[in-house]
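For reference, the structure discussed in these notes is given below.
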Amino acid sequence: MKIGKIENLVGFSRLTKLCLDNNQIKDIVNLEHLVCLKWLDLSFNQIQRIQGLKSLKALEDLSLYNNKISVVEGLDFCTSLQCLSLGNNVIDSLEQIIKLRQQRSLRMLTLTGNPICEESEYKMTVLAYVDTLKYLDYALVDPTELSNAKEQYHDELLAVEEKESVVAEKLSRDKAMSEYLAQLDEAGIIFAHVLFDDMFSDD
């Protein structure tokens, strides 16, 4: 009997490995409490969307091989992800792969079997933008190819890096402000801070 829904995992919060491949699962749900999970295999299912992984910050290895995924999303909080398999899905835009640039811990990536792999610029684009990879589609990344790819996309990468710098600076400022307001709140003087802000904005 094949599983159609992820459920009945309450009480397994310390689980580190979960294998649910070769089932009829359509949605990634009910995994929020598995915060210790490091290895998740959901290959050979019917999944169309990457979701429900927000709390899995310890996740290192994720296999979504042979599903129905077309959009790369839902991985922003998986900051420990080292190995990702998205092979045999329906990803048909290289723009989707560029999103993986944010996964700075990613070392192994499998995309073979997707429509994008037929694109002439597929490999060079992946290597240029996802430059942390050691293995792509089961093959060791050639340092010379990596260098050539970054050179080929030099101008595009500069533009991307500039945007990333602006975003990082804003996030840093926002974090500093949040910490500052938290300290004021603990000291019981946050009201005064807000009052002064209002006074200066009126002026």
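Here, residue 1 is the first one in the sequence, and each next residue gets the next number.
Gln103 and Gln82 form no side-chain donor-acceptor contact under 3.5 Å, judged by distance and modelled atom types alone. No donor-acceptor contact under 3.5 angstrom links the side chains of Lys26 and Gln48, judged on distance only. With hydrogens and angles left out, the side-chain atoms of Thr110 and Tyr65 include no donor and acceptor closer than 3.5 Å.
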Checklist line | Worked verdict on Cys19 versus Trp39 for side-chain contact (heavy atoms from CB on, under 4.5 Å) | finding: CA-CA 8 Å; Cys19 185; Trp39 189 84; 3.8 Å; yes
Item checked: Stepwise salt bridge (Lys or Arg N to Asp or Glu O under 4.0 Å) check, Lys5 with Asp27 -> CA-CA 7 Å; Lys5 183 180 180 181; Asp27 300 302; over 6 Å; no
Note to self: With side-chain contact (heavy atoms from CB on, under 4.5 Å) as the criterion, how do Ser70 and Val90 come out once you've worked through the C-alpha distance, each side chain's angles and the decisive distance to 0.1 Å?
What the structure shows: CA-CA 5 Å; Ser70 61; Val90 288; 3.8 Å; yes
Notebook entry, point to check: Do Asp61 and Asp41 pass the side-chain contact (heavy atoms from CB on, under 4.5 Å) test, and can you show the C-alpha distance, the side-chain angles, and the key distance before you say yes or no?
Noted result: CA-CA 8 Å; Asp61 192 317; Asp41 187 352; over 6 Å; no
Checklist line | Evaluation steps, side-chain contact (heavy atoms from CB on, under 4.5 Å), between Leu62 and Leu64 | finding: CA-CA 7 Å; Leu62 172 63; Leu64 291 166; 3.9 Å; yes
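Between Ile6 and Leu31, the shortest heavy-atom distance links the atoms CG2-CD2, 3.8 Å. Nearest heavy-atom pair across Ile91 and Pro115 is O-CD, 3.1 Å. Pairing each heavy atom of Ala128 with each of Ala149, the nearest pair is CB-O, 3.6 Å. The two atoms that bring Lys57 and Thr79 nearest to each other are O-OG1, 4.2 Å, heavy atoms only. The two atoms that bring Leu146 and Leu127 nearest to each other are CD1-O, 3.2 Å, heavy atoms only.
Phe44 and Ile3 fall into different hydrophobic clusters, where Ile, Leu, Val, Met, Phe, Trp and Tyr are joined by side-chain heavy atoms under 4.5 Å apart, directly or via other members. Both Leu15 and Leu20 sit in one connected hydrophobic cluster of ILVMFWY residues. Membership requires side-chain heavy atoms under 4.5 Å apart, directly or through other members. A single hydrophobic cluster is not seen to contain both Ile69 and Val71; linkage of ILVMFWY side chains at heavy-atom distances under 4.5 Å, directly or through other members, places them apart. Under the 4.5 Å side-chain heavy-atom criterion for Ile, Leu, Val, Met, Phe, Trp and Tyr, Met108 and Leu40 are members of distinct hydrophobic clusters. The hydrophobic cluster containing Leu53 also contains Leu9, counting ILVMFWY residues as joined when their side-chain heavy atoms lie under 4.5 angstrom apart, directly or transitively.
Phe77 carries Lys54 over the face of its six-membered ring, with the cationic atom under 6.0 Å from the centre and within 45° of the normal.
Put simply, the side chain of Asn67 never gets that close to the backbone of Asn89: no donor and acceptor are under 3.5 Å apart. Side-chain atoms of Asp76 never come within 3.5 Å of backbone atoms of Gly74 as a donor-acceptor pair (strictly under, hydrogens ignored). Of the possible donor and acceptor atoms, none in the side chain of Thr132 sits under 3.5 Å from a partner among the backbone N and O of Arg107. Under the 3.5 Å distance criterion, the side-chain polar atoms of Gln96 are matched with a main-chain donor or acceptor of Val72.
Counting non-hydrogen atoms of neighbouring residues, nucleotides and ligands closer than 6.0 angstrom, the CZ atom of Arg104 exceeds 12 such neighbours. Within a 6.0 Å radius of CD in Glu95, no more than 12 heavy atoms belonging to other residues, nucleotides or ligands are found. Atom CD of Gln51 has more than 12 heavy atoms from other residues, nucleotides or ligands within 6.0 Å.
Between Lys99 and Glu73 there is no salt bridge, since no side-chain nitrogen of the basic residue lies less than 4.0 Å from a carboxylate oxygen of the acidic one.
Here the CG atom belonging to Leu94 is positioned 8.5 Å from the CD atom belonging to Glu121, to the nearest 0.5 angstrom. One distance of note links OG of Ser55 with CG of Leu34; it measures 7.5 Å at 0.5 Å rounding. In this structure, CG on Leu157 lies 10.0 Å from CD on Glu151, to the nearest 0.5 angstrom. To the nearest 0.5 angstrom, Gln152 atom CD is 4.5 Å from Met124 atom CE. To the nearest 0.5 Å, atoms CG (Leu18) and NZ (Lys38) are separated by 15.5 Å. The line from OG of Ser147 to CG of Asp131 is 11.5 Å long, rounded to the nearest 0.5 Å.
At a threshold of 4.5 Å between non-hydrogen side-chain atoms, the residues Leu56 and Val35 do not count as touching. Between Asp92 and Asn114 there is no side-chain heavy-atom pair separated by less than 4.5 Å. The closest side-chain heavy-atom distance from Asn22 to Asn45 is not below 4.5 Å. Here the side chains of Ser105 and Ser80 are not in contact, with every heavy-atom distance at 4.5 Å or above. Contact check for Thr125 versus Val130: no side-chain heavy atoms found under the 4.5 Å cut-off. His154 is listed as a side-chain neighbour of Leu158, based on a closest heavy-atom distance under 4.5 Å.
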Could you pull out all donor-acceptor pairs under 3.5 Å where a side-chain atom in residues 133-142 meets a protein atom, sequence neighbours excluded?
unit_1, atom_1, unit_2, atom_2, d
Asp137, OD1, Leu111, N, 2.6
Asp137, OD1, Thr112, N, 3.1
Asp137, OD2, Tyr122, OH, 2.6
Asp142, OD1, Thr144, N, 2.8

